[in-house]
Amino acid sequence: MSSVMALLVLASTVSWTVDKHICMGKVQDISFFAHADDCGMDMEMEKSCCDDESFTVQGQDDLKISFDDFGVGQQLFLVSFVHSYFYLFEDNVEEVSAFRDYAPPPLIQDVQVLHQTFLI
């Protein structure tokens, strides 16, 4: 679980840049983190058939959590989560029986079987 959380933090903080080279309407090359290779055609002409596109996804810079701006709903969730988590691992308490010290009467004959009378 900690490895998944570490990868999630890493993926959310890294900035991603994708660069595409398009020639005559078809994608020729895609590159992550670097410049895409061109197809070899001259792009300095007035009407070039090639085009370069790139977009960047900015990562998160501020990872410090401030506990000062917790709302009432967030505080309620945090308290109920901690409470339920601590009682999740609690051992079951044995029920106290008031009749623990008393023995049942001895069974000499099973009256229901003897007389064949059963409650349905």
Side-chain angles (χ1 to χ4, degrees):
M1 185 69 172
S2 62
S3 299
V4 172
M5 292 294 287
L7 287 175
L8 183 64
V9 169
L10 179 68
S12 68
T13 57
V14 173
S15 296
W16 301 89
T17 300
V18 179
D19 196 26
K20 293 190 292 185
H21 181 76
I22 301 171
C23 188
M24 295 184 352
K26 294 185 180 179
V27 176
Q28 296 296 321
D29 190 28
I30 296 176
S31 177
F32 297 100
F33 304 114
H35 184 69
D37 294 334
D38 59 355
C39 59
M41 292 190 165
D42 192 16
M43 290 185 58
E44 282 81 26
M45 298 170 43
E46 285 182 24
K47 268 188 138 177
S48 177
C49 62
C50 296
D51 190 22
D52 285 328
E53 290 181 6
S54 67
F55 63 92
T56 302
V57 177
Q58 292 294 330
Q60 185 179 7
D61 290 334
D62 185 24
L63 292 178
K64 184 179 178 185
I65 298 172
S66 176
F67 292 106
D68 298 335
D69 58 352
F70 267 178
V72 175
Q74 291 171 334
Q75 290 175 0
L76 180 65
F77 172 76
L78 184 64
V79 168
S80 62
F81 178 77
V82 168
H83 179 74
S84 64
Y85 184 77
F86 284 139
Y87 285 107
L88 180 66
F89 301 109
E90 184 177 294
D91 291 338
N92 291 336
V93 178
E94 209 175 293
E95 292 184 22
V96 178
S97 175
F99 302 107
R100 161 178 76 174
D101 297 330
Y102 301 105
L107 184 63
I108 299 171
Q109 293 180 359
D110 195 358
V111 177
Q112 280 97 10
V113 173
L114 185 67
H115 297 292
Q116 297 294 318
T117 57
F118 301 102
L119 293 176
I120 299 178

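Remark: of the listed residues Tyr85, Tyr87, Phe81, Tyr87 is the sole one forming a side chain to side chain contact (heavy atoms under 4.5 Å, CB included) with His83.
Under a hydrophobic-cluster definition in which Ile, Leu, Val, Met, Phe, Trp and Tyr are linked whenever side-chain heavy atoms come within less than 4.5 Å, directly or via other members, Val79 and Phe77 are assigned to different clusters. Following chains of ILVMFWY side-chain contacts shorter than 4.5 Å, one cannot reach Val14 starting from Leu8, and the two form parts of different hydrophobic clusters. Linking Ile, Leu, Val, Met, Phe, Trp and Tyr residues whenever their side-chain heavy atoms come within less than 4.5 Å leaves Val9 and Met5 in two separate clusters. In terms of hydrophobic clustering, with Ile, Leu, Val, Met, Phe, Trp and Tyr side chains grouped at heavy-atom distances under 4.5 Å, Trp16 and Leu7 are assigned to different clusters.
No side-chain donor-acceptor contact under 3.5 Å links Asp29 to the backbone of His21.
To the nearest 0.5 Å, the span separating NZ on Lys20 from OG on Ser31 amounts to 12.5 Å.
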